[in-house]
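Working notes for the structure below.
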Amino acid sequence: MLSKKSILQVDDLEKEDVIKIMDTADSFTDISKREIKKVPILRGKAVVNLFFESSTRTRTSFEVAAKRLSADMINFSASTSSLKKGESIMDTLRTILAMQVDLVVVRHSDSGTVKMVDDLIDIPVINAGDGKHQHPTQALLDLYTIRSRFKECRGLKVAIVGDFLNSRVAASDILLFEKMGMDVSIVAPSMLLPEDCSGFKIYSCIDDVIESADIIYMLRMQFERQGRKFYPSIREYNRFFSLNRDRVGRMKESAVIMHPGPVNRGIEISDEVMGGTRSPYSSVIIEDQVTGGVAIRMAILYLILG
Amino acid sequence: MGSKILISNGSLADPETGRFCRKDIYIEGRLIKDIADKIEAGSGDIKIIDARGMIVMPGLVDMHVHLRDPGFEEEETIESGAEAALAGGITSMACMPNTSPAIDSPHLVKYVIEKADSTDCSIYPVAAMTKGIAGKEITEMGLLSEEGAVAFSDDGRCVSDARLMFEIMRYSVQFGKPLVLHEEEYSFSGYGLMHEGKFSTRLGLEGISRLSDDIIIQRDIMLAGKTGARIHITHVSTSAAVDMIRRAKKNGVPVTCDVTSHHLFFNDSFLEGFNTNLKVKPPLRSRDDQMALIEGVKDGTIDAIISDHAPHLDTEKNTTFRAAEFGTIGLETLFASSYTKLCRDNGVGIDKLVRLLTLGPSSIIGINAGKISRGKSADITVADPGADFTPAADSFRSRSKNSAFIGQKLYGKIKYTVKKGKIVYESGSN
Ligand SMILES: [Zn+2]
Ligand SMILES: [Zn+2]
């Protein structure tokens, strides 16, 4: 049991909830390593992936998690025309409720919409990303990956690099990391920061943090985003923010590189650092995040529905 | 031979003298017959309103409302808007021209005036400054004035073209009508959904910088200084804007301004629940800005309080925060919300509040309203400062229910509204 029915934002989680989720995920990690990766804990429960915004990674991660716990998973992609958005959400919810499901995982491109869904229905809701607001399960899996690596999180130095302004991942990570006593700084150009940055530790070049950080967290840089684009070029980005072989070489020996995926090769991280099917650098733990993601989502589903 | 009403034992707030003291008011027919310390009811058929403990004031004046008529009658009509106004103690109001079609030609001004005639509220049309509110060509400001437009505005839009604004100002001087200016620099407001600040970052909602308002206000103060046009900056929302206007007034620039009751009552921290009824333009700004607005009320920089009553259908608000329309209704909560925030919470005198809701706005748009004296039309509002209420979606007379004030406890319930000697609203009468 968690302190709230739904997980809409990191703010909803008490520290005890976070630890409970982490510990539960530890026990589920073993299941995923077995030959038969399935336990009947949630047999008979039905979970819906309600995605108003397309996403393969997060949707699949929830799907795998649900199936490993023997829950039924229904994928529901709803298109959102900008007209009549409210009605289309309500009609979709009506359909889903009629299917007698036990939990809804929701993603939407507009901030606040997952809360709106939660206000409209009685069953638990998990936010799988709403606009630029939050992506709490991503933050949990990031924390879980860090905890698995470092054991003790308190005091770790995290540098979050890139498009802070448009990133729900960064927003959620900062809240959760700070809740767990980590020391967070942001490395970003001015146009990818809000007008008021008071309260944040800001750096304008990755070199400022590369030698001191325990965790370098790279954000996705989307040059083709809605809104106006003010950042001059990829070349300039590479010079000040990208990870290349030289910079990786200057990191602490124990330090790690994380990314919410998918990586834009040659923008956030160079090809030589990324490697082929796996990175030549053991500090790149992007795949651990994916593995941890399944365990974390199993833990959450279990704690809410079990 | 009209009806007779005696309002007795109330405290009269007179914006002309600034006095707030116990008076009786005797109304016969459409006019105020007498105002005195004590008036005996006498005999015969007379309605007595016992206003003990209540505030008696001139019928309120709201110089900035959207009545959506013609074009969006599902949201509001001139008739339903008038009903809502009277329930809010408002007996005179000016309506904005961003209807469909926009009020940009004399026959549309006439349409509003004629339709308003059938209601119990005095309604004064504000006409567009540019044709179709498109920000391209100046309207027939002369003909529109002659037909009865009391002011000009492109409210809802800002005239981005500085040269055009300059010419509008020069031309407006020839007709002596004020320009009501909605100030917004689109390169800053663009995709914005709320005030750019700590809360927009936390909520992941695109921000609207204060610079959006401030840059254009600075521009228009310069243009008014140059042209001598009477400009009225509406819905001032930032601390810097209050400062600029304060300074401009000191320097003799013919500028006045107003603030909405929702900008006085709320700040951006209230958006944490993603309540779409709080999505307004300009956005609810920080607590510091809110305090600067209240300071502007106290020191006289702000000349009027408005509702910026902006009705929207449920479907336009029961949607995602991004998709929701901007605006809140406000006619029925104008007095109570302002009274609660200013007088109860921030020590503003009732005389000052009443002035900003009566003589302040009526003198800006040059209408005969907002005063209370012997021989004048009996437009009188009675409010009970001790009576509280909490608006709910079904408590409004407006056709639309999109009120930012739903769920907020407000003091200063309107008890009676008298227009031209007739009781046109009585609380509890519904
Ligand atoms: Zn406006
Ligand atoms: Zn308006």
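Each chain gets a letter, A, B and so on, in the order the sequences are listed, and its residues count up from 1.
For the atom pair CG (N318(B)) and CE (M90(A)), the distance works out to 5.0 Å, reported to the nearest 0.5 Å. In this structure, CG in L8(A) is found 10.0 Å from CZ in F274(B), a value given to the nearest 0.5 Å.
Between chain A and the options T315(B), L205(B), L203(B), heavy-atom pairs under 4.5 Å are most frequent for L203(B).
Of all non-hydrogen atoms in K85(A) and A323(B), the two that sit nearest each other are CD-CB, 3.7 Å. Nearest heavy atom pair, residue T320(B) against residue H108(A), reads CG2-CE1, 3.9 Å. Nearest approach of S111(A) to G204(B), heavy atoms of both residues: OG-O, 2.5 Å.
The 12-atom threshold is exceeded at NZ of K179(A), counting heavy atoms of other residues, nucleotides or ligands nearer than 6.0 Å. Atom CG of D299(B) sits in a crowded spot, with more than 12 heavy atoms from other residues, nucleotides or ligands closer than 6.0 Å.
For the pair E195(A) and R210(B), the salt-bridge criterion is not met [side-chain N within less than 4.0 Å of a carboxylate O].
Residues of residues 193-202 of chain B that come closer than 4.5 Å to chain A, counting heavy atoms only, are E196(B), K198(B), T201(B), R202(B), ordered by residue number. Against chain A, no residue from residues 212-223 of chain B qualifies, as none has a non-hydrogen atom under 4.5 angstrom away.
When heavy atoms are compared at a cutoff of 4.5 Å, S167(A) does not approach chain B at all.
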